[in-house]
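Below, chains carry the letters A, B, ... as their sequence lines are ordered, and counting in each starts from 1. The basis for the numbers below is simple: all heavy atoms, side chains too, and nothing from hydrogens, waters or symmetry mates.
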Protein chains: 2
Amino acid sequence: MADDTKKTDPSVDFGILNSLMGYRLRRAQMNFFSKFSDLCSDLGISPGLFAIIAIVERNPGLTQTAVAQALGNDRSAMVAAVDKLEQMDIIERRPAKNDRRSYALFMTKHGQTFFKTLSTRVMEHEQSMAARLKDDKELDWLLKTLDILSKN
Amino acid sequence: MADDTKKTDPSVDFGILNSLMGYRLRRAQMNFFSKFSDLCSDLGISPGLFAIIAIVERNPGLTQTAVAQALGNDRSAMVAAVDKLEQMDIIERRPAKNDRRSYALFMTKHGQTFFKTLSTRVMEHEQSMAARLKDDKELDWLLKTLDILSKN
DNA sequence: TATTGTTATACTCTATAACTATA
DNA sequence: TATAGTTATAGAGTATAACAATA
């Protein structure tokens, strides 16, 4: 919602939370997600759907399960997501060539242009957030550090 | 679940996702949360409950609404959370002195020691994650940067 | 009128198990 | 026997609206 009216009370002592990467990651991520909603909810796209589109766009022909594994989702969650993206004419299922159990996922023509619109909005927001950092070097460092912290 | 068996396929091209702070923040945060569950689910504590305890421990006497505002939660979500923490004998509601509508929240005796156990576990994990960084300077920089990115 | 705690509600995410058709 | 897609389901988490008691 990106709501300025309810501020965090500065007189509250956050104690240990202040020193926890886990807590700060959560706060930062919530901020990104709520802004993402502000920017893209009119298009019916959530962060999770955006990630699926981004993977399919760069890796046409992947199966649902392969996309789920790449994103760390469960197979079962893909069904409703791909159903929706298919109804929106963004992605299409095609029968896989070598395996009649699985579908290969591809972008539709409309999906291609839709993804460009979406990417532009998302990148604009990213750049406005990146402007809070010192320089591109700091951004690279942040991305690298977040990647290191993403591995278990 | 911190499961090593299902790896992210390295042959998948993540495209724009790789350059997005929002996506990397999500991946890093998911990793912290799943490890938090591994460490603390036997004690019945989620990250959200831990945050509430941490605030009450450092700010005894805050009302439910004040804690909710500090953490960015909705008032209504506090009810079940505080109910649970009260049943676990960690936090107690006391009638507020000046306002008969509200409760003041305090740690119980058991809650004090419980929180120490909890904090030890969480800090151990934090330190093992911080060990992936170069030094304490880098950790400070990360915490500061995440704070900057948390503001809307 | 406004606010606190509460309830009810609903919607999204996520996780699990089981089914079917294929492999 | 194992896997892909699917379905059903259940549990979190989150957000909104409304109500009673109190300010």
**Student:** List every contact pair, protein side and nucleotides 9-11 of chain D side both N or O, where the distance is under 3.5 Å.
**Tutor:**
none

**Student:** How many angstroms lie between CE in B/Met107 and CG in B/Leu85, if you round to the nearest 0.5 Å?
**Tutor:**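 The CE atom of B/Met107 sits 9.0 Å away from the CG atom of B/Leu85.
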
**Student:** Measure the NZ-CE distance between A/Lys35 and A/Met129 for me, rounded to the nearest 0.5 Å.
**Tutor:** 4.5 Å

**Student:** Just how far, in rounded Å, is P of D/dA12 from CZ of B/Phe33?
**Tutor:**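 Atom-to-atom, B/Phe33 to D/dA12, this comes out as 15 Å.
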
**Student:** Roughly, in whole Å, what's the span from CG in A/Leu62 to P in D/dG5?
**Tutor:** 11 Å

**Student:** Tell me the interatomic distance from B/Phe50, atom CZ, to D/dG13, atom P, rounded to whole angstroms.
**Tutor:**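 Answer to the nearest Å: 15 Å.
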
**Student:** Write out all pairs satisfying side-chain hydrogen bond (donor to acceptor under 3.5 Å, both in side chains) with one or both partners inside residues 102-112 of chain A, taking only residues at least two apart or from two chains.
**Tutor:**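 Residue pairs passing side-chain hydrogen bond (donor to acceptor under 3.5 Å, both in side chains), neighbours aside: none found.
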
**Student:** Does the distance from a Lys or Arg side-chain N to an Asp or Glu carboxylate O, for B/Lys137 and B/Asp135, drop under 4.0 Å?
**Tutor:** no

**Student:** Looking only at heavy atoms, which two atoms of B/Phe36 and B/Ile45 are closest? And how far apart?
**Tutor:** CE2-O, 3.5 Å

**Student:** Locate the shortest heavy-atom distance separating B/Phe33 from A/Gly22; write the atom from each residue and the value.
**Tutor:** CE1-O, 4.5 Å

**Student:** A/Lys84 NZ to D/dT6 P: how many Å, rounded?
**Tutor:**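 Rounded to whole Å, this separation is 17 Å.
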
**Student:** In whole angstrom, what separates A/Tyr103's OH from C/dA21's C1'?
**Tutor:** 11 Å

**Student:** Using whole Å, what does the distance between atom P of nucleotide C/dC13 and atom CZ of A/Phe36 come to?
**Tutor:**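 For the pair A/Phe36 CZ and C/dC13 P, the rounded distance is 11 Å.
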
**Student:** Walk along nucleotides 17-23 of chain D from 5' to 3' and tag each nucleotide B, S or - by protein heavy-atom contact under 4.0 Å, base first, then sugar-phosphate.
**Tutor:** -B--BBS

**Student:** Rounded to the nearest 0.5 Å, how far does CG of A/Leu139 lie from NZ of A/Lys134?
**Tutor:**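 Separation between the atoms: 13.0 Å.
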
**Student:** Which atoms form the tightest heavy-atom contact between B/Arg132 and B/Asn31, and what is the distance?
**Tutor:** NH1-ND2, 4.5 Å

**Student:** Taking 4.0 Å as the cut-off, does a side-chain nitrogen or oxygen of B/Arg93 come that near to OP1 or OP2 on C/dT6?
**Tutor:** yes

**Student:** Tell me: CE of B/Met78 to P of C/dT3, nearest whole Å?
**Tutor:** 19 Å

**Student:** State plainly whether the residues B/Arg93 and B/Asp83 are in salt-bridge range, i.e. N to O under 4.0 Å.
**Tutor:** yes

**Student:** Where each residue is assigned the nucleotide of DNA chain D containing its nearest heavy atom, which of B/Pro47 and A/Ala104 is assigned the position nearer the 5′ end?
**Tutor:** A/Ala104

**Student:** Rounded to whole Å, how long is the line connecting atom CD1 of B/Ile52 with atom C1' of D/dA12?
**Tutor:**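 Those two atoms, CD1 and C1', are 14 Å apart.
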
